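See below for the structure under consideration.
Predicted, not measured: the structure shown is a model, and the values here were computed from it. In listed order, ligands and their atoms are each counted from 1.
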Amino acid sequence: MSDEPLSEAGFETLAIREGLTRGFEQEHSDPIYATSSFVFESAEEAAATFAGDRAGNTYSRFSNPTVSVFEKRLAALEGGEDCVATSSGMSAILTLCLTVLKSGDHVVCSKNVFGSTVSLFNNILTKLDIEVSFVSLRNLEEWRAAVTPRTKLFFCETPSNPICEVGDIRAIASIAHASNALLAVDNCFCTPALQRPLALDADVVMHSATKYLDGQGRVLGGALVGTTELMADVRSFVRVCGPSMSPFNAWVFSKGLETLQLRMNAHSASAMALAEWLSAHERVTTVNYCGLESHPDHQLAASQQSAFGGVLSFEMAGGQDEAWAFINGVRLMSLTANLGDVKTTICHPASTTHGRLSDDQKREAGITPSLIRIAVGLEDVADLIKDCERGFKALSA
Ligand SMILES: *Cc1c(COP(=O)(O)O)cnc(C)c1O
């Protein structure tokens, strides 16, 4: 097939057709190349392929055609030059760090990032003498003040989990660039369907494909998107160290991308409806959803996102007892810490996803005992509201 039809294509067309290959059997859906290695016609061809003088696959730790489809498609959707897929979101972050950082370097990271990201920075990178400073996502002065002559990487996640704070990607990128540091954005919550950090001057986009890119809670994977030059270094790291994505998982993610825009719009619409309904409830004191006009970051979110995503959180008037009674009262929503699934999930961050934070850290991150997080799935929103009514009924039981 010619590349020509996709040169000016829109997001949904790219999501469905970019990277598509068609093999010997003229199949209409991408095949899964379940093979660890590839064969050659001659010793000369093998030598040229291994040397990189000839295009072609050699071994699936280095590259695999099914994984390449996913990489091309995600790169196009993020508006990046190239993409490297990894075995999980966490291995994408580790890969990025070990590609761009060396011993003695320094990272500035927003405070409310994914729990394992904090552990990776604090427990693993520190072993390599790489230091990390955590700053408030919204406070640009803190980003600026944290920079040292050794700062090489800025890392942030926006909107934040679970209280939906929003970071100004363009402003944070400009502070990073003034110090010759790269800005990496974990775009897990929005996905390129709602937010494209590279267009806002970020240098690298990181994904946990496990969440919305699959969208049905089935497989683990991750990805990095950025310039050809940086991705070449990333690819070398993956080739040697092996956090490669499996072909089957890549196939699942490529199928997920086909419906990404539709799903993200639907997650966002349902989350908005539920956030509005919860805001009007007498037992709820606060709803954190950047789609609500009352949210302090609403304007910023509206300027850099096309919708507000599927994750919201809210606080119950009656503290942890009420939060737990509500969670125990719902019947439809799944009590699990995962998100980005067609199935709606509910959790109590203070005792699960953020349970290891100290009381001070929890307070600072807005993780109160009365806080409940809902990652809104794609069920009928009327049924989700009915389920919340069950939760509220359980308070008086
Ligand atoms: C889940 C998640 C990760 C880690 O991804 P895995 O695929 O579980 O390794 C990183 N960042 C965010 C925001 C996540 O939600």
Quick check for students: name every N or O atom pair between ligand 1 and the protein closer than 3.5 Å, with distances.
from: ligand 1; atom 1: 5 (O); to: S208; atom 2: OG; distance (Å): 2.9
from: ligand 1; atom 1: 7 (O); to: G89; atom 2: N; distance (Å): 2.9
from: ligand 1; atom 1: 7 (O); to: S208; atom 2: OG; distance (Å): 2.9
from: ligand 1; atom 1: 7 (O); to: T210; atom 2: OG1; distance (Å): 2.6
from: ligand 1; atom 1: 9 (O); to: G89; atom 2: N; distance (Å): 3.1
from: ligand 1; atom 1: 9 (O); to: M90; atom 2: N; distance (Å): 2.9
from: ligand 1; atom 1: 11 (N); to: D186; atom 2: OD2; distance (Å): 2.7
from: ligand 1; atom 1: 15 (O); to: K211; atom 2: NZ; distance (Å): 2.6

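Because its NZ or CZ atom is not both nearer than 6.0 Å to the ring centre of F392 and within 45° of the ring axis, R283 does not count as a cation-pi partner of that residue. Cation-pi contact between K211 and F114: present, with separation from the ring centre below 6.0 Å and deviation from the ring axis of at most 45°.
Atom-to-atom distance recorded for F314:CZ and L278:CG is 5.0 Å, nearest 0.5 angstrom.
Cluster partners of V166 are L300, counting Ile, Leu, Val, Met, Phe, Trp and Tyr whose side-chain heavy atoms approach within less than 4.5 Å, directly or via other members.
Looking at heavy atoms from C-beta onward, L94 lies in side-chain contact with L120 at the 4.5 angstrom threshold.
Side chains of N161 and R373: a donor-acceptor N/O pair is present below 3.5 angstrom, by distance only.
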